[in-house]
Protein chains: 2
Amino acid sequence: MSTAQDTAGGETPAWAEVTPDAARRLLIAAVEAFAERGYHATTTRDIAGRAGMSPAALYIHYKTKEELLHRISRIGHAKALDILRTAARREGTPAERLADAVGSFVRWHAGGRTTARVVQYELDSLGPDARAEILALRRQCDAEVRGIIEEGVAAGDFDVLDVKGTTLAVLSLCIDVARWFNVDGPWTPDEVGALYADLVLRMVGAA
Amino acid sequence: MSTAQDTAGGETPAWAEVTPDAARRLLIAAVEAFAERGYHATTTRDIAGRAGMSPAALYIHYKTKEELLHRISRIGHAKALDILRTAARREGTPAERLADAVGSFVRWHAGGRTTARVVQYELDSLGPDARAEILALRRQCDAEVRGIIEEGVAAGDFDVLDVKGTTLAVLSLCIDVARWFNVDGPWTPDEVGALYADLVLRMVGAA
DNA sequence: GCCCAGGGTGAGCGGGCGCTTAGCGAGCGG
DNA sequence: CCGCTCGCTAAGCGCCCGCTCACCCTGGGC
């Protein structure tokens, strides 16, 4: 159960950047707990218990419960931005790059649903400073997708009425996968990624 | 501020079915608080305070804090289902009915964002029985939209690879409006409704 | 063998939570 | 003008929260 959360493509083991080991185990426990119950409904005793430690151990590695959420949010958003950036800057037509971006972004939200849930839906539980920092990362995600769509429009490959609105809709569609995707459901992350890539190409008039 | 939340088209005053007046004021206060902070982060003292009452007054009209969420969720889902059902059963081509359904559903999520947020995102805070009841209403919402899409496919108006997946994506797109829509933002609910109706028609290949 | 640094624990503090209860006072039939 | 009803309040109960602190155990340098 503790090794269930990997990255979208299985590149690097998840949360490898968090050290030492005890801090990583606590963070993974927090991700699972926040995803299941939400930030406010999760107790520090629950997090420590999942990591096999006493409640006090949490405060050796993190100043507060909110710092845990902040760390999770920052690492998660960095990963999401990395996925979109990689797709946006590869070679290929705008349609190919948009399909790649949506496909891999959706695979991450479906496969790493536990992490994605926390990253995408617990943002409001952060304090003002931390939230502002995360929102900046979000705007960069938006910019990457909008960039691809604008290039497609400029090249005459896409037919879009409202670039800003369509960008928002595309991201919204991908993000909401984290809310409804069920590992035991009828689709694999790959299947949802492929379906969504097709749907998004239709949305921008590239089909 | 207390009259801010109306229905999508301004048909009936919101929450008119909740009586007596004190119970309705408490429920409206709860909707606002849950939408702002989430169910678990909202205290019964906060709800009562917003309604101008003492903390104990809440328990004259509701057995528990969860009963408030349950009532809000049931009424909200009933309204959502009503919107979709009305659009699905009117006269017109499948494309017209789908555009109507998406447009009005999105207008409700954008205009009544406060309510929609609670209804769509605080579901997991309900107990098993209450959640099961609400999930049944959700499946009916899904069935209404899937019905329109199936008719469009049967009539040869739509070109859809995966009816079930596309239905889910359409609903997901609409629901997520409640997460990002901002009343002070660049769009009105009507504009988002129109944009989304166009995007969904493209998704089903009816453009 | 001794010491020290540092990750870990058990116990517990102050406080705020959901919820209860005893009683108050306005409205009203008789 | 009594007295009953009933919506509401003030006070507070028991609980568990986030977080702290004094102490312990273990492993590596000398």
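Below, each value reflects all heavy atoms present in this structure, side chains not excepted, and no hydrogens, waters or symmetry copies. Order of the sequence lines sets the chain letters (A, B, ...), proteins ahead of strands, with each chain counted from 1.
If you take NE2 of A:H40 and C1' of C:dC17, they are 14 Å apart, rounded to a whole angstrom. Between the CG atom of A:L58 and the P atom of D:dT20 there is a distance of 11 Å, given to the nearest Å. Between A:K63 atom NZ and D:dC19 atom P the separation is 11 Å, expressed in whole Å. Protein atom OH of A:Y59 is 17 Å distant from nucleotide atom P of C:dG10, rounded to whole Å. Across the protein-nucleic acid pair, B:L69 atom CG and C:dG18 atom C1' stand 15 Å apart, rounded to whole Å. We find that CE of A:M53 is positioned 14 Å from C1' of C:dG6, with the value rounded to whole Å. Rounded to a whole Å, the OH atom of B:Y39 is 8 Å from the P atom of C:dG18. Between B:R25 atom CZ and D:dG7 atom C1' the separation is 11 Å, expressed in whole Å.
Annotation: side chain of B:R131 is not in contact with side chain of B:S125 (no heavy-atom distance under 4.5 Å).
A donor-acceptor contact under 3.5 Å is formed by the side chain of B:R45 with the base of C:dG18.
Checking D:dC17, D:dG7, C:dG10 against every side-chain atom of B:I60, the shortest atom distance belongs to D:dG7. Picking from C:dT9, D:dA10, C:dC19 the nucleotide with the shortest atom distance to the side chain of B:A56 gives D:dA10. Comparing C:dT9, D:dC8, C:dC19 by their closest approach to the side chain of B:H61 singles out D:dC8. Nearest nucleotide to the side chain of A:S54, out of D:dC8, C:dC19, C:dG10: C:dG10.
Taken from CD1 in A:I72 to CD in A:E67, the straight-line distance is 10.5 Å, to the nearest 0.5 Å.
Nearer to the 5' terminus of DNA chain D, by closest-nucleotide assignment, is the contact made by B:G52 (compared with the other of B:G52 and A:E66).
A salt bridge between B:R117 and A:D124 is present, with a side-chain N of the basic residue lying under 4.0 Å from a carboxylate O of the acidic one.
Between B:H77 and B:Q140, the side chains place no donor N or O within less than 3.5 Å of an acceptor N or O (distance only, hydrogens not considered).
Between B:F105 and B:W108, the ring planes are parallel. Angles under 30° get that label, and only those over 60° would be called perpendicular.
Within 4.0 Å of A:T43, counting heavy atoms only, lie sugar-phosphate atoms of the nucleic acid but no base atom.
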